[in-house]
Amino acid sequence: MFEYTIFLCVILFFFIFQLFSTHEKMSRKTAVLQQCCPRANFISVEHLRFLQALITWKSVISLLRPLLLDVVPTIQQTAALALGRLAYFNDDLAEAVVKEDILPQLVCSLSEQNRFYKKAAAFVLRAVGKHSPQLAQAIVECGALEALVICLEDFDPGVKEGAAWALGYIARHNSELSQAVVDAGAVPLLVLCIQEPEIALKRIAASTLSDISKHSPELAQTVVDAGAIAYLAQMILNPDAKLKCQVLSALSQIAKHSVDLAELVVEAEIFPVVLTCMKDSDEYVKKNGATLIREIAKHSPELSQFIVNAGGVAAVIDCIGSCKGTVRLPGIMMLGYVAAHSENLSMAVIVSKGIPPLCTCLLEEHEDHIKAAAAWALGQIGRHTPEHARAVAETNVLGTLLSMYMDIRSSEDLQLKAKRALKNILQKCTYLPALEPLLHDAPPNIMKHIVGQFSKVLPHDSKARRLFVTSGGLKKVQEIKAEPGSLLQEYINTINNCYPEEVVRYYSPGYSEMLLERVENYQPVL
Amino acid sequence: MAALVRLETRLSRLREEYFLKNRSVDEDRKIVYKAAVKIQSWFRGCRVRAYLRYLNKMAISIQKWWRGYQSRRYFRKMIKTAYFIMKMNFYNEMAVRIQKRWRGYYVRKYTHNYYALKKYLEAISLNNEIVRNELQEYAEMNEKKKKKKDLEKKEKEKKYKARKMHYLLSTEQIAGIYNSPFRKFPDPMELLLRQSKPLSHRQQQPKSPFTYDLYDWPTCKRPPAFPTGEPLPPIGRQKPQGPFRDAAEVLRQRYKPLEPTLRVAASISSPLEKAREEMKREEWRKCIHDNEFLPFSSYHKNEKYELSIHASEKIGKETYGIKHFREVQPNKWIAGKVSGFLLLKRAWSLRLML
């Protein structure tokens, strides 16, 4: 009878937690609190009310603690669940859970109890460990890792899932915690978990492996040594979208650290299967797939060459074209990395029609960091030879880059990247029709490159000279004020030397006034 | 005496005459003197002018000669430099021609194969097209599958609904809501109702607490019920059949030792063969080296015949120095082979596997 009443109280707590987690209005919460905790004090200000509610809940935690040691197993499990939900909700409450020394109890009973209790205890550990590295460190210090690793060997897939999830949340924060998780021997068991048939377990195990291997190359190497790559590569074909997300993220975290790891990932024959992920209906699968390809492509020209040969560039370009927003960002960076390695690869990107999506991206996107990435990628494509620069300039994107550089509202990063990209492309650009519109608005530091390019091309090409005059470029060049002796002045002189003197004088500013003055001062011969 | 008188008469006039004569001579002298000075000065002037003219002419002559000499020297220098420049231009042109040819050759042979690159880029675009098509097909297939799944789900839901609402079926007397008499033909729902079998009133099995869905547990949305435990197996089991033999007898039979006959006990091979094997083993053990013992008479028969110098080289003159000079390293040539191509072929083979 007594146990039944306790059980009812705990069930009541459950309903209260439901209310908390659905974020209902404060008034309702206070009403509930008034019902169950008559000794709570309420002040009119809402925050203080909430803090008071927190303190009340902290005392609740100390109430729940003896319930963990209750005889009836269901009460234990419910109490553990209640603690877990409290800790999940707020990090203050999680700290309170740690301070009340509940964790060692949980850890001890983790090895003895049945699987429901284990699931609940793993849930508590996960809820505490997710908030901050200090709390996760507290969990590690009370020896929870060994118990969790033992849970990973359990038969029930739910227990394994809970344990793996808790380990994942702990390992997420920094590399020391990940190292602690690895030292507890979790990695081979996680690799075994990945092979299990349950999809949810696979998902969690993949995400835990991803969290472990993201911090440092040694950790990634540990994961690889356990043979994870082969299983992860097989799971790319699985139709479940969330699983694919996690698997791709795990592979990309492994591949990002060094060339050898990337080569190992590639040797697992993920190409061309990964390209099918780029056509998936789920946005995050596309994003993670693009991230994986980017991490592989950035290490060396040979890997980039391999990706190009497998048709990866085409898939990524299509992916960029079909998505919007931050989902595009890894794809854009991948194109930039591939083009940066060598001019052949850059030409391959151009031939695969890579430039138009980048231009649309530059124009359409609202976020500055995506625009900066697109500008950088265009700069990498166009900086190698005049052919590449021409291909970039023909799409009239130089004007957009210039306007981005000049815009006050763009962030520092965007301005810097736009300027660099513009400089790199301009230094190789000999396609004059694209350069002419830039003459009108460019600032002096960009102007000298543009005028420099004109001064290189005009002396040799008579048709270009004619076009330059008729389009008003010569007039514009005369209007530029440059310090004598500077590079800009030399370029202007070179251009002026390409034309006969009358033409230069005709286009120099103030010529019409000069002529009128001469008319005024002329004495007619009678 | 007469003269003296004459003189005395003239004497009074003598002083005046003397004075006048002297005076006129004096005056004349001045005039004459001035004239003489003029004449002399003019003459001297002429002389000096002539002298100066002469000097001038000489100076001109010297300067003329000197200037001619300088300019001829300068001209010679100019000619030399112009000639030198002409020569250098010519050499430069020729050097440019040679270098042009050499650079083109070298780049084409060892550095960069333009046609291979072109082919490679064309192959890349072709490959991209194929990849894009395949991916498009894959995406379409996925979409179709998804649509089919959705359709099937809807159908299933409809059918389940129809089964649940089977009582809305129309009868002879009362037209159901889907079979209004004002309609020309009954609603498709009516037809579905006609086809569906009503749901049975079977008791819903109480949900066992062990059949929770896995993804509910970690977030623990449902509280656990009291676990009711699995039912134990029935007590009445099949009794084993009897009667049995005595346990000691059985053990004796089981663990009886083997008593083989002589034929079985003796080994398969005969003593003769055994002795032979024994001999072989002894020989193998005692043998010190493996060289065959060869009698002297046939020793030289194993000698390899060495060709003489005449026969060992090919007939004809030495070609090095005449037909070819350099060493060639064909593995460094790039004309005819492309590294990108091989990888592309590997990618093709991968695609075929997919």
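The model shown is predicted, which means the values in this text are computed figures rather than measured ones. Values below: all heavy atoms of this structure, side chains included; hydrogens, waters and symmetry mates excluded. The sequence lines fix the lettering, A, B, ..., with proteins before strands; numbering per chain opens at 1.
Of all the heavy atoms in A:G311 and B:V131, the pair that sits closest is O-CG1, 3.7 Å. Annotation for B:I124 and A:S352: closest pair CG2-OG, 4.2 Å, computed over non-hydrogen atoms.
Within 6.0 Å of the NZ atom in B:K158, the count of heavy atoms belonging to other residues, nucleotides or ligands does not exceed 12. At most 12 non-hydrogen atoms from other residues, nucleotides or ligands lie less than 6.0 angstrom from CD of B:E143. The 12-atom threshold is exceeded at OH of B:Y110, counting heavy atoms of other residues, nucleotides or ligands nearer than 6.0 Å. For B:R163, the CZ atom is densely surrounded, since the number of other residues' heavy atoms within 6.0 Å is greater than 12. Counting non-hydrogen atoms of other residues, nucleotides and ligands closer than 6.0 Å to CD of A:E343 gives a total above 12.
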Determine, step by step, whether A:I317 and B:R132 satisfy the side chain to side chain contact (heavy atoms under 4.5 Å, CB included) criterion, reporting the C-alpha distance in whole Å, the side-chain angles of both residues, the deciding distance to 0.1 Å, and the verdict.
CA-CA 10 Å; A:I317 289 170; B:R132 281 185 169 130; 3.7 Å; yes
In sequence, state the C-alpha distance, the side-chain angles, and the governing distance for B:Y120 and A:V308, and then conclude on side chain to side chain contact (heavy atoms under 4.5 Å, CB included).
CA-CA 11 Å; B:Y120 172 68; A:V308 167; 4.2 Å; yes
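The closest side-chain heavy-atom distance from B:L135 to A:D318 is not below 4.5 Å.
Of the two parts of B:E122, neither the backbone nor the side chain holds a non-hydrogen atom closer than 4.5 Å to a non-hydrogen atom of chain A.
Put simply, NZ on A:K279 and CG on B:N142 are 11.0 Å apart, with the number rounded to the nearest 0.5 Å. Once rounded to the nearest 0.5 Å, the distance linking NE2 of B:H112 with CG of A:N344 reads 6.0 Å.
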